Amino acid sequence: MNRLLVCMLVIASVGCQQNKQQPLRMLAVNEAIVPEHLRTPVVNYVPINDSKDEPYKLHLKIDALENNLYDLVVRVNLKKGCYYVSPNSKRDFTGVFKLILKESDQLQKTAQLTETPRSVEEYDPHPYVDGYVNWVRQTTTYNQQLKLKGEDNFKVSGMIQFTIEPRCSLEQIPFIISYENGKMTVEIDHC
């Protein structure tokens, strides 16, 4: 009788553990179905601390080039086992890495966003992908060339956005590019 009771408890506890994982999968499916403007995103501001719980660390800087050109540099340091979709993926994915810059009369993008090292396309059999994708699985640097179109002081807002896996959370990191007294800077918008 005791053995039967112990066996039933073991089976019940294993069954409960398996059921605990199912709602997490359903959450990911439901989040993908809900339109982006109705979602409440998980937001991480940079610099992200070195806590073991954080899947990545982000660094921003802006370098002056020549002829009123600047280079916005975004470096994403990934923790082991974390990844996201590269902007170089050929298929249309939600949560792909994007660098969004608000329209401005003072500042404009002059080239495509570059990725170093460039991600490699691979086949992913996961049911939500089931095809080829460029996963970024290592520390990667993105460069966006910008052109200054005037000498007046200004502030332009922007956003870095991507879905970090396997946590499956939409990361949105707002930033501000400022030009004041001939010097351009970039900082995270903590508001």
Side-chain angles (χ1 to χ4, degrees), residues 17-18 20-63 71-102 109-146 157-175 177 186-189:
Q17 289 176 354
Q18 290 175 352
K20 287 180 183 176
Q21 293 175 354
Q22 186 63 24
L24 293 176
R25 289 184 188 155
M26 293 305 294
L27 175 63
V29 171
N30 290 339
E31 183 179 15
I33 294 170
V34 175
E36 190 170 326
H37 69 280
L38 296 177
R39 295 183 203 161
T40 304
V42 175
V43 178
N44 285 318
Y45 292 103
V46 236
I48 292 176
N49 61 25
D50 289 325
S51 165
K52 292 181 181 180
D53 296 335
E54 293 300 333
Y56 65 93
K57 192 173 182 180
L58 198 84
H59 303 276
L60 289 174
K61 72 175 184 171
I62 198 153
D63 293 327
D71 194 24
L72 176 60
V73 182
V74 179
R75 190 177 74 216
V76 184
N77 291 4
L78 290 171
K79 302 268 174 110
K80 187 175 182 177
C82 297
Y83 54 99
Y84 57 91
V85 178
S86 165
N88 295 315
S89 287
K90 294 176 185 162
R91 291 176 51 202
D92 188 23
F93 292 97
T94 57
V96 68
F97 184 95
K98 293 178 187 174
L99 192 146
I100 303 159
L101 194 61
K102 188 175 179 182
K109 293 180 183 179
T110 61
Q112 293 285 339
L113 183 70
T114 62
E115 178 183 73
T116 309
R118 189 170 168 98
S119 59
V120 177
E121 189 175 58
E122 60 185 83
Y123 181 78
D124 189 336
H126 190 281
Y128 300 133
V129 177
D130 192 27
Y132 289 93
V133 60
N134 289 56
W135 288 120
V136 175
R137 300 180 188 273
Q138 62 186 334
T139 296
T140 300
T141 302
Y142 295 93
N143 296 73
Q144 177 63 66
Q145 197 172 81
L146 305 170
S157 60
M159 177 84 66
I160 297 165
Q161 180 176 299
F162 60 98
T163 297
I164 190 75
E165 301 291 354
R167 185 166 77 180
C168 194
S169 63
L170 180 64
E171 308 295 306
Q172 294 181 314
I173 301 101
F175 64 90
I177 296 176
V186 63
E187 62 183 348
I188 299 306
D189 184 3

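Because the structure is a prediction, the values reported are computed rather than measured. Just the heavy atoms: all of them, side chains too, but no hydrogens, waters or symmetry mates, feed the values below.
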Salt bridge (Lys or Arg N to Asp or Glu O under 4.0 Å) partners of residues 120-133, not counting sequence neighbours, each pair once
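For residues 120-133: Glu122-Arg137.
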
Closest contact, heavy atoms only, [X] versus [Y]:
| X | Y | result |
| --- | --- | --- |
| Phe175 | Ile100 | CZ-O, 4.0 Å |
| Tyr56 | Lys79 | N-CG, 4.0 Å |
| Gln144 | Gln112 | OE1-C, 4.2 Å |
| Thr139 | Leu78 | OG1-N, 4.0 Å |
| Leu146 | Leu101 | CD2-CD2, 3.7 Å |
| Pro87 | Phe97 | CB-O, 3.5 Å |

Here the gap from Lys90 atom NZ to Asn134 atom CG, rounded to the nearest 0.5 Å, amounts to 7.5 Å

- prompt: Can you tell me how far the NZ atom of Lys98 sits from the CD atom of Gln161, to the nearest 0.5 Å?
  reply: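 CD of Gln161 is found 5.5 Å from NZ of Lys98.
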
Self-check item: Arg118 atom CZ, neighbour heavy-atom count above 12 within 6.0 Å
Solution: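 No, CZ of Arg118 has 12 or fewer neighbouring heavy atoms, counting only those of other groups under 6.0 Å.
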
Would one find more than 12 heavy atoms of other residues, nucleotides or ligands at under 6.0 Å from atom NZ of Lys109?
->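 Yes.
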
Applying side-chain contact (heavy atoms from CB on, under 4.5 Å) to Gln138 and not counting sequence neighbours gives Pro117, Thr140

(request) Dump the intermediate steps for side chain to side chain contact (heavy atoms under 4.5 Å, CB included) on Val96 and Tyr84, then the final yes or no. (result) CA-CA 7 Å; Val96 68; Tyr84 57 91; over 6 Å; no

**Request:** From the options Val76, Val74, Ile188, select the one residue that forms a side-chain contact (heavy atoms from CB on, under 4.5 Å) with Ile160.
**Result:**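 Output: one option passes, namely Val74.
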
TODO: I would like to know whether Tyr142 and Leu72 meet side chain to side chain contact (heavy atoms under 4.5 Å, CB included); could you show each step before the answer?
DONE: CA-CA 8 Å; Tyr142 295 93; Leu72 176 60; over 6 Å; no

(request) Go through the steps to decide whether Thr163 and Val85 satisfy the test side chain to side chain contact (heavy atoms under 4.5 Å, CB included), and finish with yes or no. (result) CA-CA 7 Å; Thr163 297; Val85 178; over 6 Å; no

Could you check Asp71 against Asn143 for side-chain hydrogen bond (donor to acceptor under 3.5 Å, both in side chains), going step by step and ending with a plain yes or no? CA-CA 6 Å; Asp71 194 24; Asn143 296 73; 2.7 Å; yes

*Thr141 versus Val73: any side-chain heavy-atom pair under 4.5 Å?*
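Heavy-atom side-chain distance check passes, below 4.5 Å.
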
### Task
Test side-chain hydrogen bond (donor to acceptor under 3.5 Å, both in side chains) on Arg91 and Ser89 and set out the steps.
CA-CA 6 Å; Arg91 291 176 51 202; Ser89 287; over 6 Å; no

Can a donor-acceptor pair be found, under 3.5 Å and without considering hydrogens, that links the side chain of Ser119 to the backbone of Ser86? no

For the backbone of Trp135 and the side chain of Glu165, can you confirm whether one donor and one acceptor N or O come within less than 3.5 Å of each other?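 Not a single qualifying donor-acceptor pair exists.
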
* To do: Evaluate the criterion side chain to side chain contact (heavy atoms under 4.5 Å, CB included) for residue pair Phe162 and Ile173; output intermediate values, then yes/no.
  => CA-CA 9 Å; Phe162 60 98; Ile173 301 101; 4.1 Å; yes

